[in-house]
Number of protein chains: 2
Amino acid sequence: MQAAPHRPYHHGDLRRAIIETALDMLRTEKDWQFTLREVARRAGVSHAAPYKHFPDKTALLVELAMIGFDRLREALAEAKPEAPRSLLEEITPISLAYVAFGTDNPALYRLMFSPEEGRAVGMHLDQRALAVFDVVLDMLGRGQAAGTIRKRPVRGQATAAWALIHGITLLAIDGLLVPEKVGSAPLEAAIATLVDGLAIPQPNT
Amino acid sequence: MQAAPHRPYHHGDLRRAIIETALDMLRTEKDWQFTLREVARRAGVSHAAPYKHFPDKTALLVELAMIGFDRLREALAEAKPEAPRSLLEEITPISLAYVAFGTDNPALYRLMFSPEEGRAVGMHLDQRALAVFDVVLDMLGRGQAAGTIRKRPVRGQATAAWALIHGITLLAIDGLLVPEKVGSAPLEAAIATLVDGLAIPQPNT
DNA sequence: GCGCCGAAGTTATCAGTGTCAACAATGTAT
DNA sequence: ATACATTGTTGACACTGATAACTTCGGCGC
């Protein structure tokens, strides 16, 4: 039996292969404790090879988190309705897309908000991370201009929206939204409460 | 120079000493990656001693998380105003106490919501963890009875409150509430939006 | 008071990790 | 063809979680 085909000594695009392998493992290996050596093994190289492309493990984690922000922003852009007739019709698909992204990619989502060293390099002030927040900011700004949203500092309103959606995403990822505790449709209930808090109240509603 | 006084071979209360040492390190060592060996060293015993009191590292982490829930519930009970005149007056001190607990104990707070193996033993359905959620549930239930809160499924409303406060606590812990992004008083703004979403709207407010 | 057994300590070992140094195999530029 | 840089490799180190075997008592029964 012939030996398996072997990759030449120089991989050619190992940096991208490491990143893609890591993303794949984050998505598919449930409850995996991320290790650089395991990623290197899965990519078919030695344990020290990644150190030629990333200064250390944290640098790779930060890069993965950035890609997560990019993908989340794309998911939100795709979910945005074209002609919503109300704030509820506009915010609901975006919120559901956000939570779906988190629950479809729990390890990546946690990573986006947890690498401690990432804060040292100001990761969350990076444009790619801010872009997600800007989707919410833009929507609420336009709502205020249209007179459908309460006249309040829009950044405060965007923070409320972000905190609630971020919070419920994490609760969902952690399996905490059990029905005997939160009822049968916690996500919809939370979004409805958010919208009630943001929108100018209508009579008899 | 005399040798330092040495602890007798049998510690006498090592389980409690391990727990207290771990809690102390979680609070004081910024960005420390929790290790059982380091806790044992700090407690003055060998690296294998904790295994006589905890089956494994996760069991200790779960115990620490439970204590965190106990302390959070006590902090919320202490913050509860005695005669609030509005929902805002009632929910604000409790919310601020919740966020203060999280930002004063960031590593412990993260632990309370992240030990993956803890989910396997149903940690979050434990009475001690549920008690925190019950504080919110009870307050909203009484608000509905008093006619100050919108008539909605109360568990959904409690979930919205919990998600928002949990979310903003984590954003604060992670240092994401930077003013150029969220404005100058994001916490107050988020609580105000939450209250607007929960309370029955008053005319001309 | 003594002996025995179990609890709770210890030391040593194993398999894994992140990271670094030294070396090896090319790829590229001249 | 040669030299140098890039990008691989192997090996080592210090650390981790966990286990096994051994040691030191504490408690209990007689």
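The structure presented is a predicted model; accordingly, all values stated were derived computationally and were not measured. Chain naming here is simple, since letters A, B, ... match the order of the sequence lines and numbering starts at 1 in each. In what follows, every heavy atom counts, from backbone to side chain, and hydrogens, waters and symmetry copies are set aside.
Between Asp13(A) atom CG and dT6(D) atom P the separation is 17 Å, expressed in whole Å. Taking atom CZ on Arg7(A) and atom C1' on dT9(D), their separation rounds to 10 Å, with Å as the unit.
Among residues two or more places apart in sequence or in another chain, the side chain to side chain contact (heavy atoms under 4.5 Å, CB included) test is passed with Arg15(B) by Ile19(B), His53(B), Phe54(B), Glu63(B). Applying the side chain to side chain contact (heavy atoms under 4.5 Å, CB included) rule to Arg27(B) yields the partners Asp104(B), Asn105(B); only residues at least two apart in sequence or on another chain are considered.
Here the straight-line distance linking atom CG of Leu140(A) with atom CZ of Arg150(A) works out to 13.0 Å at 0.5 Å rounding. To the nearest 0.5 Å, atom CG of residue Leu130(B) and atom CD of residue Glu180(A) are 8.0 Å apart.
Residues Phe34(B) and Leu64(B) form a side-chain contact, since some pair of their non-hydrogen atoms from C-beta on lies under 4.5 Å apart.
The existence of a salt bridge linking Asp24(A) and Arg42(A) is excluded, since no basic side-chain nitrogen approaches an acidic carboxylate oxygen closer than 4.0 Å. For the pair Glu74(A) and Arg71(A), the salt-bridge criterion is not met [side-chain N within less than 4.0 Å of a carboxylate O].
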Fill in: Footprint string (nucleotides 21-29 of chain D, 5' to 3'): B base within contact, S backbone only, - free, heavy atoms under 4.0 Å
--BBB----
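In this structure a side-chain-to-backbone donor-acceptor pair under 3.5 Å is present from Thr148(A) to Gly143(A). The main-chain N or O of Gly44(A) is found under 3.5 Å from a side-chain atom of Arg7(A) such that the two form a donor-acceptor pair.
First and last contacts of DNA chain C with chain B, using any nucleotide atom under 4.0 Å from a protein heavy atom and ordered 5' to 3', fall at dA7(C) to dT13(C).
Pairs of residues two or more places apart, or lying in two chains, that qualify as salt bridge (Lys or Arg N to Asp or Glu O under 4.0 Å) and include a residue from residues 75-88 of chain A are Arg85(A)-Glu89(A).
Summarising the geometry of Gln144(B) relative to Lys151(B), their closest heavy-atom pair is O-NZ, 3.2 Å, with the distance given to 0.1 Å.
Here His47(B) lies in heavy-atom contact (under 4.0 Å) with a base.
Nearest-nucleotide assignment on DNA chain C puts the 5′-proximal partner with Ala49(B), out of Asp56(A) and Ala49(B). Judged by closest nucleotide on DNA chain D, Ser46(A) is the one of Lys57(B) and Ser46(A) placed further toward the 5' end.
Within residues 33-42 of chain B, the residues that have a heavy atom under 4.0 Å from DNA chain D are, in order of number, Thr35(B), Leu36(B), Arg37(B), Arg41(B).
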